[in-house]
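Since we're looking at a predicted model, the values are computed, not measured. By convention in this document, chain letters (A, B, ...) are assigned in the order of the sequence lines, proteins followed by strands, and residues within each chain are numbered from 1.
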Amino acid sequence: MTEENLPKSNFIRDIIDEHNRTGRFGGRVHTRFPPEPNGYLHIGHAKALCIDFGIAEDYGGLTNLRYDDTNPVKEDVEYVDAIKEDIHWLGYDWGDREYYASDYFEPLYEMAIQLIEKGLAYVDELTPEEMREYRGTLTEPGKNSPWRDRPIEETLDLFKRMRAGEFPDGSKTLRAKIDMASPNINMRDPVMYRILHATHHRTGDKWCIYPMYDFAHGQSDSIEGITHSMCSLEYENHRPLYDWFLDQLGIFHPQQIEFARLNLTHTVMSKRKLRRLVEEEYVDGWTDPRMPTLSAMRRRGYPAAAIREFIDTIGVAKSDSFVEVELLEHIVRDQLNQNAKRRMAVLDPLKVVLTNYPEGQFETFEIPDFPQSPESGGARTVPFGRELWIEREDFAEVPPPKYHRLSPGKEVRLMNAYFITCDEVIKDADGRVIEIHCTYDPDTKGGNAVDGRKVKGTIHWVSAAHAIEAEVHIYDQMFLDEHPEDLPEGESFLDHFNHNSLEVLTGYLEPDLANAAIGEAYQFVRDGYFALDSVHSKPGKPVFNRTIGLVDSWAKMQK
RNA sequence: UGGGGCAUGGUGCAAUGGCAGCACACCGGACUUUGAAUCCGUUGAUCUUGGUUCGACUCCAAGUGCCCCGGCCA
């Protein structure tokens, strides 16, 4: 194993190494990935995913997929399959260990009974408002509910009748009897069960009481024999409760470990905000290529390996942090540069006529998919003729300093074809350049001059007679602000949505692109990386998404 | 009666009492049939103040700043 393949050191691995040293789990490492099926997975979940699956893999352990489905009013099957697809796309697999917290409703209920019998839980009848008042504040202790000391038998009876559906929603709860004066508010007699007459996506109408997260998660971990239960920082305050239930029940006790969740600049990561962007139609659904969801990134053309590499690169720690989206983009470009076949496409066309090229004559060039390493094999045939499209910005009537492209009297190379010299500029009545007339040099076929002369500029082109048209989507950040959630009082992140984040163009593409396949990456030379849109493309009517533009140092130079 | 966390270049992460390092970003330069890629180089950090120690990013103390917690959400 080389230096760079060594897993990065981090505090989670330190903890696991320590456990292995002391033998706490007998050297076993078993994790779980616990999504709630109430939305699509985003890049933040990818971090959790890579930590849960990645660490287990490194230590020769296993990872379970476990849906955290304890709240039927928020969750839906719709999301279950999307989540699985995204995990598989990232390259992780849970084998046959696909579980649901709802699988454990029966054992969880039995555990609740045990705690009641030990005098550690009681049925409360406070209203939600009363419960809030009784809870106290951050700086003042709470006070005991009047139902706190009701007889065990009575609680037992009531709890069974809660399950039997005798009481309306919200009328009663089962609470753990811990300490209403605890400085940790999570320990002030937390609710274990609430009454919810709602249909659950898996258990249907079998239950009308549902366990809270705190009562379900640790025990689910325990039941599955999870050794290390990783979660985000906000659960740190819940760990004493996680531990308390396990200890009182006397069952296998996993270790909860908290780490900082991922924040990315120029986007939002909360499901609530993403949902608003979808529901208020700022974007084209959860998979809109501007979204930070995994399905959006897949649709946009981000390689799964780039996301894993990204997560690996940012590391994991306990300090709140914001990763610059530029790092993600760098890694995406880096991988695409290695894997994307090169093609030519003109997105803002300007007509070029080669006046000394015979009318009606055509020829073809064999151009490698990877000009930098033609030995890798692939190539395609590209037609060439008298009339061509070039990029409008590759011509300047009055060239700025250091401009290496086409301008009157100047010679440039048409990539892999010929040198051409601009002789004449044709304009319309408004003075807009509509066509330029050039002559080509037959002694430069393939792009090299027999006399050895050099040109500074190389531009790409497409034969006008053979070009295929395609809709091309160019994206920008959804938010121009680095931190769109960091706003002055009274402003909504929606006010800062970048309405220019999608630009729709008609591109003229070299004909081989008619064979483009969904999931395949292409570089449109000198512009960026592109992928066929899986939602809007139709046979014969391709739609391309620009995954990411090439680094543009010319644009930077001009600033 | 408050509790729990966190603090290393612009950003993210390492260094676990012994030369503060890596990546991105930035800024220069070379090369180029992609103004891409590649290559070379520059700038730049241990929150503050004390203490322990031959030696402190690391240990101790006191401060400061930021994050989380008062759902019958997860």
message: Donor-acceptor pair, distance only, cut-off 3.5 Å: does the side chain of A/H404 make one with the backbone of A/K402?
response: yes
task: Measure from the side-chain N and O atoms of A/Y403 to the backbone N and O of A/F395, and report whether any donor-acceptor pair falls under 3.5 Å.
output: yes
message: So that I know where these two stand, are A/F105 and A/H200 an aromatic pair - ring centroids less than 6.0 Å apart?
response: yes
- request: May I ask you to check whether A/Y213 and A/Y235 place their ring centres under 6.0 Å from each other?
  value: yes
Which nucleotide, [options], lies nearest any side-chain atom of [X]?
X	options	value
A/H404	B/G35, B/G12, B/G70	B/G35
A/I314	B/G12, B/G2, B/U34	B/G12
A/D334	B/C73, B/U38, B/G5	B/U38
A/D552	B/G35, B/G12, B/G70	B/G35
A/K318	B/G35, B/G5, B/G12	B/G5

Under 4.0 Å between any heavy atoms, over every strand shown, what does [X] touch: base, sugar-phosphate, or nothing? Just pick one.
X	value
A/N448	base
A/R239	nothing
A/T173	base
A/H238	base
A/Y235	base
A/D169	nothing
A/T70	sugar-phosphate
A/M212	sugar-phosphate
A/V455	nothing
A/L262	nothing
A/Y403	base
A/T444	nothing
A/D68	sugar-phosphate
A/Q372	base

Between [atom2] of [N] and [atom1] of [X], the distance in whole Å:
X	N	atom1	atom2	value
A/E130	B/G71	CD	P	15 Å
A/R132	B/C72	CZ	P	8 Å
A/N10	B/A23	CG	P	19 Å
A/I311	B/C24	CD1	P	17 Å

Check this for me: does any side-chain nitrogen of one of [X] and [Y] sit under 4.0 Å from a carboxylate oxygen of the other?
X	Y	result
A/D369	A/R343	yes
A/E224	A/R66	yes
A/R526	A/E391	no
A/K341	A/D512	no
A/R546	A/D527	yes

Distance-only donor-acceptor test, [X] side-chain atoms vs [N] base atoms, 3.5 Å:
X	N	answer
A/Q523	B/U34	yes
A/R405	B/G35	yes
A/N237	B/G3	yes

query: Using a distance-only test with no angle check, is there a side-chain donor-acceptor pair under 3.5 angstrom linking A/Y242 and A/D221?
result: yes
query: Is a side-chain donor-acceptor pair under 3.5 Å present for A/T31 with A/D52?
result: no
How far, in whole Å, is [M] from [N] if one measures between their [atom1] atoms?
N	M	atom1	answer
B/C6	B/C57	C1'	15 Å
B/G65	B/C22	C1'	27 Å
B/G2	B/U43	C1'	46 Å
B/A20	B/A14	C1'	10 Å
B/A45	B/C40	C1'	24 Å
B/G41	B/G21	P	15 Å
B/G3	B/G44	P	42 Å
B/G28	B/C66	C1'	36 Å

Check this one for me: any side-chain N or O of [X] less than 4.0 Å away from OP1 or OP2 of [N]?
X	N	value
A/S319	B/C13	yes
A/R135	B/C69	no
A/R526	B/G35	yes
A/T137	B/G2	no
A/S9	B/A15	yes

- prompt: A/D527 or A/A317: which one's nearest nucleotide on RNA chain B is closer to the 5' end?
  reply: A/A317
task: Please work out whether B/G10 sits syn or anti, treating a glycosidic angle within 90° of 0 as syn.
output: anti
- prompt: Once Watson-Crick and G-U wobble pairs under 3.5 Å are found, how is RNA chain B written in dot-bracket notation, 5' to 3', with | for any base paired to another strand?
  reply: .((((((..((((....[..))))..((((.......)))).....(((((..]....))))))))))).....
- request: Indicate the ring-plane relationship of A/F215 and A/F245, choosing parallel, tilted or perpendicular according to the 30° and 60° boundaries.
  value: perpendicular
query: Taking the six-membered ring of A/Y100, is NZ or CZ of A/R202 closer than 6.0 Å to its centre and within 45° of its axis?
result: yes
Pull out every protein N or O sitting under 3.5 Å from an N or O of nucleotides 25-31 of chain B, one pair per line with the distance.
residue : atom : partner : partner atom : Å
B/C26   : OP1  : A/K556  : NZ           : 3.2

